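Take a look at the structure below.
Given the structure is predicted, the values throughout are model-derived calculations rather than measurements. Heavy atoms only: backbone and side chains are in, while hydrogens, waters and symmetry mates are out.
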Amino acid sequence: MKPALSFAEQVRRMRSHGLVVDDEDEAIHFLSEANYYRIRGYWLTFEHNGKLDAGTTLDDIREVYRLDEELRLWLWAAIGQVEIKARTAFAYHLSMACGPLAHEDQKYFDDQKAHAKTIRSYEREKSRAQRDGVPCVVHNMSKYGDLPLWAAVEIMTMGNVSRLYGNLSDAASYAGGRTVSKAVADEFKIKPYHLKSWLQHLTYVRNLCGHHNRIYNRTVTTRATLLKADSKYQGSKAFPTFLVLMRIYEKLWPKQWERMAQRLGDIVSRHPSVSLRPLGFPEDWKTILSVPSTQERPRPGLLARMKRFLCG
């Protein structure tokens, strides 16, 4: 096992890789704020054939790092509203059609082994919430001995909600014949096939954001199935996530998307030196995502960028 390195030694290691570090004290400060191997992931974009592109500076890496940080916060907020809507629609339609404890009944789900695994995870969440004294859990457990679905979704992870929804069978239906899967998808104004994929994908991205993982230049392993009109943008980078969110918001909260698109444009414009290609963004991404056109800012010099980092 290699020995631990001091921050000063880490700076020397960076330089040995060919990274240009002009201010060692500033570099040490950056390393004390963000782990070396966290920063290391961001300069992979500047590597080709195992070597850094000539002239790559720590400031270049820091700009990518800061853009990634702002995009994660944007995604976290955008996905949050979708998650709450999904919880609400799933709990409402399944409980109205099949009863308050339908989420625990295997007959309403296609894959019983997968359902059992999800419920085991949910039971752990329920026990933890009870130990923590979550009011709705304590009340329902003491009065009824279990949680009705509308209370259960408040302690379920988004992953468990998306897995339960994606596993619904046709047995989970209203008396008139409409399936719960379709009823929930109708709330999102899309087909169940797409909603299942989108919820699984957004859960994956949400978890990346929640654990402060890198979005920039990441290969996405849980991909979203895009609408036919958007299929040409299918890919393994982050752009399809933004496209999925736009499709949801334009159907449910179009005015809010206008504000969010503006904020997205502002985030990108604050980092004009950072390429969006590693995120999978096409050249006309602003038109696609309905981002208002803004005047391009000039590329800042190193001193200006350093001042912006130091002064916020």
Side-chain angles (χ1 to χ4, degrees), residues 75-111 114-115 117-119 121-122 125-126 129 134 136-137 140 146-207 209-210 222 224-227 230 240-257 260:
L75 286 166
W76 175 267
I79 295 171
Q81 187 162 331
V82 177
E83 176 182 357
I84 293 170
K85 173 68 176 177
R87 291 173 185 271
T88 302
F90 174 75
Y92 177 81
H93 288 291
L94 184 56
S95 61
M96 289 293 289
C98 305
L101 295 177
H103 57 296
E104 298 181 6
D105 195 332
Q106 287 189 341
K107 72 182 180 183
Y108 296 121
F109 299 89
D110 280 326
D111 187 332
H115 174 261
K117 182 178 180 180
T118 303
I119 291 301
S121 175
Y122 159 65
E125 295 158 4
K126 183 167 64 175
V134 176
C136 74
V137 176
N140 281 283
D146 209 339
L147 296 184
L149 180 52
W150 52 88
V153 292
E154 291 303 311
I155 62 165
M156 284 184 188
T157 64
M158 186 178 178
N160 280 341
V161 172
S162 69
R163 281 187 285 272
L164 287 172
Y165 173 76
N167 195 18
L168 283 171
S169 70
D170 289 347
S173 301
Y174 281 96
R178 186 170 69 145
T179 64
V180 171
S181 181
K182 187 176 188 309
V184 176
D186 284 347
E187 296 245 3
F188 284 85
K189 303 179 184 179
I190 56 175
K191 294 179 180 179
Y193 171 76
H194 282 107
L195 183 58
K196 175 182 177 180
S197 170
W198 291 5
L199 290 180
Q200 290 174 345
H201 172 74
L202 292 177
T203 297
Y204 166 80
V205 175
R206 175 196 180 278
N207 289 341
C209 295
T222 302
T225 301
L226 301 182
L227 299 177
D230 299 328
T241 305
F242 294 87
L243 193 52
V244 163
L245 286 167
M246 183 190 74
R247 294 306 183 202
I248 293 174
Y249 272 82
E250 69 180 3
K251 292 175 184 295
L252 301 183
W253 312 291
K255 290 294 184 182
Q256 190 166 346
W257 179 256
M260 292 174 64

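With contacts defined as side-chain heavy-atom distances shorter than 4.5 Å, the pair Asn167/Thr118 does not qualify. Side-chain contact check for Lys85 versus Ile248: every heavy-atom pair is 4.5 Å or farther apart. In this structure the side chain of Leu164 never reaches within 4.5 angstrom of the side chain of Leu94, judged on heavy atoms. For the pair Trp253/Met260, no side-chain contact is recorded, criterion being any heavy-atom separation below 4.5 Å from C-beta on. For the pair Leu252 and Trp257, the minimum side-chain heavy-atom distance is 4.5 Å or more.
A donor-acceptor contact shorter than 3.5 Å is absent between the side chain of Trp76 and the backbone of Arg206. Side-chain atoms of Thr179 do not come within 3.5 Å of backbone N or O of Ser173 as any donor-acceptor pair. Side-chain N or O atoms of Ser197 include none that pairs as donor or acceptor with a backbone N or O of His194 at under 3.5 Å. In this structure, the side chain of Tyr249 engages the main chain of Ala78 through a donor-acceptor pair within 3.5 Å. The main-chain N or O of Ser181 is found under 3.5 Å from a side-chain atom of Tyr165 such that the two form a donor-acceptor pair. In this structure a side-chain-to-backbone donor-acceptor pair under 3.5 Å is missing from Arg163 to Ala114.
Between Leu149 and Ser95 the shortest heavy-atom distance is CD2-N, 4.0 Å. Between Ser162 and Thr203, the closest heavy-atom pair is OG-OG1, 3.6 Å. Shown here for Asp110 and Ser169, the closest heavy-atom pair between the two residues is OD1-CB, 3.1 Å. Contact between Cys98 and Ala102 at its shortest, heavy atoms only, is CB-CB, 3.6 Å. Nearest heavy-atom pair, Ala86 versus Val161, reported as atom, atom and distance to 0.1 Å: O-CG1, 4.5 Å. When all heavy atoms of Pro192 and Ala185 are compared, the pair lying nearest together is N-CB, 3.5 Å.
Partners of Phe109 under the ring pair (Phe, Tyr, Trp, His ring centres under 6.0 Å) rule, at least two apart in sequence or in another chain, are His115. Under the side chain to side chain contact (heavy atoms under 4.5 Å, CB included) criterion, Thr241 pairs with Leu75, His201, Leu202, Val205, Leu245, sequence neighbours left out.
In this structure, the separation between CG on Asp230 and CE on Met246 is 6.0 Å, given to the nearest 0.5 Å. With rounding to the nearest 0.5 Å, the separation of CE in Met158 from OH in Tyr204 is 14.0 Å. To the nearest 0.5 Å, the span separating CG on Leu227 from CZ on Arg247 amounts to 6.5 Å. Between the CZ atom of Phe188 and the CG atom of Leu195 there is a distance of 5.5 Å, given to the nearest 0.5 Å. Atom NE2 of His93 is separated from atom OG1 of Thr88 by 10.0 Å, given to the nearest 0.5 angstrom. Expressed to the nearest 0.5 Å, how far NZ of Lys191 lies from OG1 of Thr225 amounts to 12.5 Å.
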Problem - Audit row: Tyr122, Leu147, side-chain contact (heavy atoms from CB on, under 4.5 Å) steps and yes/no - result: CA-CA 11 Å; Tyr122 159 65; Leu147 296 184; 3.6 Å; yes
